[in-house]
> 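Dropping the structure in here first, questions after.
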Number of protein chains: 2
Amino acid sequence: MQTEEEILKIKKVKNTAVRTVVLRHLLSLEKAQSLKDIENALAYTDRSSIFRTLKTFEENKIIHSIEDGSGMTKYAVCAEGCNCDPKDLHYHFYCTNCDKTFCLFDVPIPKIQLPENFKLQQANMVVKGLCDNCNK
Amino acid sequence: MQTEEEILKIKKVKNTAVRTVVLRHLLSLEKAQSLKDIENALAYTDRSSIFRTLKTFEENKIIHSIEDGSGMTKYAVCAEGCNCDPKDLHYHFYCTNCDKTFCLFDVPIPKIQLPENFKLQQANMVVKGLCDNCNK
DNA sequence: ATAATCTTTGCAATCGAGTTGCACTAAAAG
DNA sequence: CTTTTAGTGCAACTCGATTGCAAAGATTAT
Ligand SMILES: [Mn+2]
Ligand SMILES: [Mn+2]
Ligand SMILES: [Zn+2]
Ligand SMILES: [Zn+2]
């Protein structure tokens, strides 16, 4: 597992106080976080600074965003070596009971046979249901 | 292709002026529509009436919603016989060039092998890229 | 080291999609 | 016809996201 400093260095994003704390926070949790989640967790960091940090991280492929239908965009740290290309596609799981959203890096995504002449660039794949913890 | 009256009858939703015009509009277009799209197209129908109509349609499985990442929820008429169950799952395609979003009813969705003890209920699958018209 | 320049941050204001309260109208039931 | 229930239109409001701007911090040039 890379540290936040290593990731910022690799992705050539300057290390600042806000960036370090936001990235560290995202790395510390397995669950994808919304802007509000982060704002609540980092009580002394301004919302707009976190917002701009997330934009910077996304542009530089440090994190990716997930639209899970909850009304708030969630963010998760990219896997090592991720370039946010079609090859980095993976499902996300949204638990309808505990509201946890996370990347299913281990579930293989089958090749999607698009209609003739369509070109795949990205995808937002959110599978919804009950997580193992809630399905009891 | 069913008419709006037939659909409302089958789904046991009362036929009203707004419902008829909204459903007819959705049926007339192959592209999924946002609330604003519909509001713009139906100039004399109030936004909140359209909004509540869409909610009613969704609850009654007449339409389903799609979160395509554009910031506005899109709506598309369900296929005949759809119950919005996992079996009715299908991909959606969002063209990053022309902003068109639509259901890929003909592309098979493979069985998703979730981790142990997870339960699939729903999914929002949006594939993004260039549609045939824009990929030239 | 100091000044000039560029970047990041915090705060407040704004935007816009979505949602709701409420009064009015239309439809259904009695 | 009268009463009750459902649908509609309008205005107001919510809340996540975004932006303008000035202060603070970091980088580069003199
Ligand atoms: Mn992910
Ligand atoms: Mn669809
Ligand atoms: Zn759960
Ligand atoms: Zn297109």
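Chain identifiers are assigned alphabetically (A, B, ...) following the order of the sequence lines, protein sequences preceding nucleic acid strands; residue numbering begins at 1 within each chain.
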> With a 4.0 angstrom cut-off to heavy atoms of chain A, pull out the first and last contacting nucleotide of DNA chain C, in 5'-to-3' order.
C/dT7 to C/dA13

> Over how many whole Å does the gap from A/R47 atom CZ to D/dT18 atom C1' extend?
10 Å

> So B/Y94 and B/D99, side chain to side chain donor-acceptor pair (under 3.5 Å) or not? Walk me through it.
CA-CA 6 Å; B/Y94 173 73; B/D99 276 314; 2.3 Å; yes

> In this structure, how many angstroms lie between the P atom of D/dC10 and the CZ atom of B/F51, rounded?
18 Å

> Taking B/D132 for its side chain and A/F118 for its backbone only, find out whether a donor-acceptor pair lies under 3.5 Å.
no

> Starting from P on D/dT18, measure out to CD1 on A/I50 and report it in whole angstrom.
14 Å

> Report yes if a side-chain nitrogen or oxygen of A/S48 is closer than 4.0 Å to either non-bridging phosphate oxygen (OP1 or OP2) of D/dT19; otherwise report no.
no

> Begin with the C-alpha distance, continue with both residues' side-chain angles, and end with the deciding distance and a verdict on side chain to side chain contact (heavy atoms under 4.5 Å, CB included) for B/H25 and B/I38.
CA-CA 8 Å; B/H25 182 66; B/I38 302 171; 4.2 Å; yes

> Can you check the A/M72 CE to D/dT14 P distance for me, whole Å?
17 Å

> Report yes or no: does B/T96 contribute a side-chain atom to a donor-acceptor pair with the main-chain N or O of B/G129 at less than 3.5 Å?
yes

> How do A/K74 and B/V18 order along DNA chain D: which one's closest nucleotide is nearer the 5' end?
B/V18

> Take the protein atom CD of B/E67 and the nucleotide atom P of D/dG16, then report the distance between them rounded to whole Å.
14 Å

> Check whether NZ of the Lys or CZ of the Arg B/K100 lies under 6.0 Å from the centre of the six-membered ring of B/F102 and within 45 degrees of that ring's axis.
yes

> Can you tell me if B/Y75 and B/D37 form a side-chain donor-acceptor pair at under 3.5 Å?
no

> Dump the intermediate steps for side chain to side chain donor-acceptor pair (under 3.5 Å) on A/T20 and A/E5, then the final yes or no.
CA-CA 7 Å; A/T20 301; A/E5 283 90 358; 5.2 Å; no

> Report, one pair per line, the protein and nucleotides 4-6 of chain D atoms (nitrogen or oxygen only) whose separation is under 3.5 Å.
from, atom 1, to, atom 2, distance (Å)
D/dA6, O3', B/K14, NZ, 3.4

> Mind checking B/S34 for me? I need base, sugar-phosphate or nothing, with any heavy atom below 4.0 Å counting as a touch.
nothing

> Quick one: sort the A/F105 and A/H64 rings into parallel, tilted or perpendicular, breaks at 30° and 60°.
perpendicular

> Could you state the OH-C1' distance from A/Y75 to D/dG16, rounded to the nearest angstrom?
10 Å

> How long is the line joining CG of A/N15 and P of D/dT27, in whole Å?
10 Å

> Classify the nucleic acid contact of B/T16 as base, sugar-phosphate or nothing, counting any heavy atom under 4.0 Å across all strands shown.
sugar-phosphate

> To the nearest Å, how far apart are A/D46 CG and D/dC21 P?
17 Å

> Would a distance-only check, ignoring hydrogens and angles, find a side-chain to backbone donor-acceptor pair under 3.5 Å from B/N97 to B/L130?
no

